[in-house]
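The model shown is predicted, which means the values in this text are computed figures rather than measured ones.
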Amino acid sequence: MPHQARDTRPSEPGSPDDHALAAAPLEPPVWDRTIGAPAAWTFVACFLAWMLVVFTVWTTWPGQDHGTRMADSNILNAGNVYATRGFDHRHAIPQLETYEDDERRPVLYGTYPPGPYWVHAAVRLAGIDDVGTIRGVSVIGATVAGLLGLIAFSVLSRSWLVGAVAAAFYCFSAPFSGYADSVHMNVWMQIILFAFLTAWAGFERVRGPWRWGILALAGLAYFLQVWMTLEQIGLIAIVVAVRTILSRRWSVWIGGAILAGVCVLGLASRFWHLHFEFGSYDGAREYLMGKYQHRSGDGNAGRSGVSIADVARQWLGQLYWSEAGESSRKREFGYPLLATPVLVSGGLILATMLAARARYALGQLVRPRASTKAHPSDALADSKAAVVRETRLPVLRAPRAAIGWGLLLLLASLHWHVWMRQHASIHPHIILNMLPGMALILGSLASAGVRLAMDDARPVGPLRWLGLPLAAALTIAFASHLQYAAALNRLLPINRDMHAELNARARADRWWTDLGDALERRYGQVRRVVLYHWGPRQANRMGLPHQYVEGGQMPERFGGESTGIIGGPAAGADLLMVEHPRRAKTPRVILEEGFDRFGFPEIDEGPESTTLFFSNRRWADAPDAIPTDIRFAGGLRIDAVRLSESVTGDAYVLCMLVRGPNGAAFLSDKHGVRITDGESAGGDDAAEDAAGVDDEGESVFDDAPEQAILPTRRPPDSIFALVRTFDSDGQRTGVYSPMLASQALFRNRAMVWMVIDKHRLPRGGSLRIALTPLRREGRIEIRSAPTLGPGMSLDQDAGEIVWEVVHP
């Protein structure tokens with residue numbers, strides 16, 4: 001390809017050409033038509049094929065096992081309210097179908113802009129109410145966002161090649177495909193952001209009356225974004241401010257001032273919208289400020305603070321710099337900007353760009369120049385100005401400008417990590433704010449490597465051949481992270497861990513649905529399920545009337561008086577759900593008040609967690625709790641026991657109320673033996689040996705050497721549990737150590753339970769549950785132990801407590 005002529009006309013002082021972040025001079029069009037346009041069309045074809053796969057996956061598996069699971073649940077919940085009560089109910093402010101006080105009345109959700117809720121309401125109004133089809137609409141929106149991203153990146157860089165490569169780094173990423181079917185704001189805010197960036201760049205460059213029409217489009221996009229998401233209001237403001245300052249042109253300053261007014265107008269319109277329901281503008285302001293104080297993580301008003309260091313650790317993990325944060329968050333929503341292979345290849349490309357520019361500049365400095373100026377000093381000045389311009393290496397103008405835009409977008413997006421620390425630390429979808437900047441940086445580096453290999457880059461010498469293999473290395477290093485994409489792993493086990501995790505989440509979603517059905521079967525009518533703020537997805541899957549409460553609070557008049565009468569009040573059962581009861585964040589006041597008022601809860605162990613249900617009424621055939629006085633060495637005492645079925649009926653649950661100075665001294669499953677399908681790899685004898693019991697079930701921990709399965713520090717009054725299963729002929733079929741949950745502590749008491757899956761038990765067989773002290777000197781004294789019921793007995797034999805259950 002022949003060498004292209006370059007535009008060497010001198011720039012005016014203070015023009016945008018003097019700034020890397022400003023618009024780059026227009027590249028000669030021939031090279032971009034030669035490779036840029038085909039690259040853009042190739043991207044479009046590959047991208048549409050990719051989105052067809054994403055569309056097929058998320059419409060076939062539309063469950064809430066991926067993406068913004070809690071936010072999607074809230075959108076679907078509010079959509080039901082719009083569908084049943086009308087869009088104009090309560091001034092169209094989103095409402096969640098839940099209880100407020102003791103009435104089933106939807107509560108307002110005015111924290112976030114209502115835009116995504118209104119989009120969903122419009123989709124439902126169009127007659128689309130199937131979740132799979134709703135997700136399909138979102139995927140179509142994501143496809144539009146990807147194509148707009150191609151246009152925006154190309155306009156910002158003035159190159160189809162750079163735009164196509166950057167769009168590939170944007171769209172072929174795990175976060176983009178993982179959030180492509182989100183019914184919340186994630187799809188729509190991307191469309192609006194790319195529309196704004198395209199319009200603003202056009203306003204900067206276009207001359208004449210058309211530019212004000214383009215500015216009007218940018219203003220409209222900004223106004224819509226204020227009503228769609230809070231996360232990009234500041235991002236757009238920072239981008240406009242920086243570009244305005246760097247432009248040094250009054251017309252751009254005027255445009256920036258107009259957009260600032262649009263932002264203020266948008267925020268004022270949101271206050272106006274909220275003040276109808278909150279009584280006044282002050283009421284709306286106090287409501288939003290209260291939410292801001294919580295989300296900002298400043299720790300005021302008793303809220304837990306979140307430091308910048310905590311946020312940094314979380315996001316360095318999600319960007320692959322470190323292992324910080326949840327591994328699933330890093331895998332599913334990570335973007336490998338800081339992964340070592342990406343950093344190395346990208347850094348080498350950047351070094352090659354700098355070396356090529358230096359090589360080109362050196363060649364320009366030694367090149368002789370002719371002058372037509374009358375005076376030698378004028379000729380010298382003209383020669384110096386031309387050399388300064390030409391040392392910029394016009395071949396790389398578009399990648400350089402795109403890198404500047406990418407850095408600006410990325411740095412502007414980080415304002416959310418500082419301003420709203422708590423929100424940024426817990427929500428991985430914030431990566432979508434960072435994605436345009438990161439994709440533009442990587443796309444610019446990769447396209448720079450391609451650009452250097454083109455024929456008109458020969459002035460840079462042999463360095464031009466380094467760019468292409470480095471660009472390929474960067475692309476391969478980046479593409480390797482697609483193995484964690486949820487859309488691919490939902491279809492095939494590309495990454496076995498991610499595939500297994502998605503399957504586990506799908507099972508959990510089905511389990512919550514089955515649990516809701518089981519609760520209705522057990523209680524006949526469920527008036528409401530009270531759960532905490534982390535439960536929108538569970539409530540949505542259970543499909544029962546529910547109420548969200550803040551941690552540590554019990555709803556007033558919850559359940560009325562506990563009568564203990566089977567059937568309970570005609571109004572139906574009130575259920576208090578405690579999920580993850582062993583987590584430190586579980587409010588102990590809830591456990592304490594629930595147990596004091598309603599006794600033992602119903603328990604079910606699901607794929608994700610154990611869930612407790614305190615209820616103001618008992619279901620038919622519910623067994624009673626049996627008072628006991630069973631004492632162990634060290635002051636540990638069992639005050640009550642109950643053996644019952646789980647809520648779903650697929651397991652037996654032994655629940656105990658333990659009192660004493662060491663109420664948590666129970667060995668959990670990580671210290672015992674878990675046996676799949678009732679058998680261990682080494683056989684039953686090997687399991688008992690590993691568990692620390694002999695053939696008669698006696699404890700042998702005193703004489704056994706230290707083993708990996710034992711805790712390094714063993715309290716003398718700890719209790720070990722062992723379950724043996726037998727067939728109908730009395731032959732033992734398995735032995736295993738179940739989990740003894742032991743951290744639901746309150747007032748020196750522990751509510752301890754163990755769950756035995758029924759699938760371990762042969763039909764007509766039996767199981768024997770034995771509790772024994774971990775050490776021989778920890779003897780058991782049974783002072784009061786009545787019969788538990790038909791088919792169950794409680795005896796003292798060689799220092800053990802044994803329950804025997806016949807499985808029908």
Side-chain angles (χ1 to χ4, degrees), residues 50-77 79 116 120 123 130-143 145-146 170-190 314 317-318 325-336 426-433 435 481-513 534-542 579 606-609:
W50 168 234
M51 295 310 291
L52 181 61
V53 173
V54 173
F55 181 91
T56 303
V57 170
W58 293 143
T59 54
T60 304
W61 293 281
Q64 293 176 251
D65 56 4
H66 62 282
T68 51
R69 296 186 282 173
M70 286 183 60
D72 283 0
S73 297
N74 284 337
I75 290 283
L76 295 171
N77 187 315
H120 177 69
V123 173
D130 174 69
V131 177
T133 308
I134 291 172
R135 291 203 181 276
V137 172
S138 296
V139 174
I140 293 174
T143 305
Y170 184 88
C171 297
F172 293 97
S173 66
F176 179 82
S177 61
Y179 291 119
D181 67 329
S182 171
V183 298
H184 202 250
M185 64 187 176
N186 300 297
V187 170
W188 317 115
M189 74 177 187
Q190 295 177 76
Q314 186 73 52
Q318 194 165 343
E326 298 181 45
S327 58
S328 60
R329 170 171 170 162
K330 173 181 176 179
R331 292 195 309 262
E332 188 174 0
F333 304 118
Y335 192 87
I426 64 175
H427 289 299
H429 77 266
I430 304 300
I431 200 168
L432 293 177
N433 299 337
L435 206 57
H481 94 290
L482 270 178
Q483 65 176 303
Y484 300 116
L488 290 178
N489 283 285
R490 201 68 191 87
L491 189 63
L492 297 169
I494 305 298
N495 180 275
R496 293 188 179 277
D497 291 340
M498 193 70 235
H499 182 74
E501 184 170 341
L502 289 171
N503 286 338
R505 293 183 197 167
R507 289 194 298 271
D509 271 4
R510 290 192 296 271
W511 181 81
W512 282 106
T513 301
W534 61 78
R537 180 176 62 90
Q538 290 87 331
N540 189 55
R541 300 303 295 176
M542 282 193 292
E579 192 187 4
E608 292 181 314
S609 65

Check whether H184 reaches the backbone of D72 with its side chain - one donor and one acceptor, N or O, closer than 3.5 Å. no

Short question: side chain of Q538, backbone of W512 - any donor-acceptor pair under 3.5 Å? no

Least distance between heavy atoms, P175 atom then I431 atom: CB-CG2, 3.8 Å

Answer yes when R507 and D65 have at least one side-chain N-carboxylate O distance shorter than 4.0 Å, and no when they do not. no

From H499 atom NE2 to I494 atom CD1, the distance as rounded to the nearest 0.5 Å: 9.5 Å

I'd like to know if the side chain of R331 reaches the main chain of Y484, judged simply by a donor and an acceptor atom lying under 3.5 Å from each other, with no hydrogens or angles considered. no

Atom pair CZ/CZ of R541 and R69 - distance to nearest 0.5 Å: 11.5 Å

At their closest point, which heavy atom of M51 faces which heavy atom of F176, and how far apart are they? SD-CE2, 3.8 Å

Is D509 reaching over with its side chain to a backbone N or O of Q64, donor-acceptor style, under 3.5 angstrom? yes

Answer yes or no: is there a donor N or O on one side and an acceptor on the other, between the side chain of W58 and the main chain of S177, under 3.5 Å? yes

Return the NZ to CD distance between K330 and Q314, rounded to the nearest 0.5 Å. 11.5 Å

Backbone N/O of Q483 and side chain of N489: donor-acceptor pair under 3.5 Å: yes

Output the distance between atom CE (M70) and atom NE2 (H429), rounded to the nearest 0.5 Å. 11.5 Å

Say you draw a straight line from OH of Y179 to CE of M189; how long is it, rounded to the nearest 0.5 Å? 9.0 Å

On a heavy-atom basis, the closest approach of V187 and A145 is O-CB, 4.4 Å

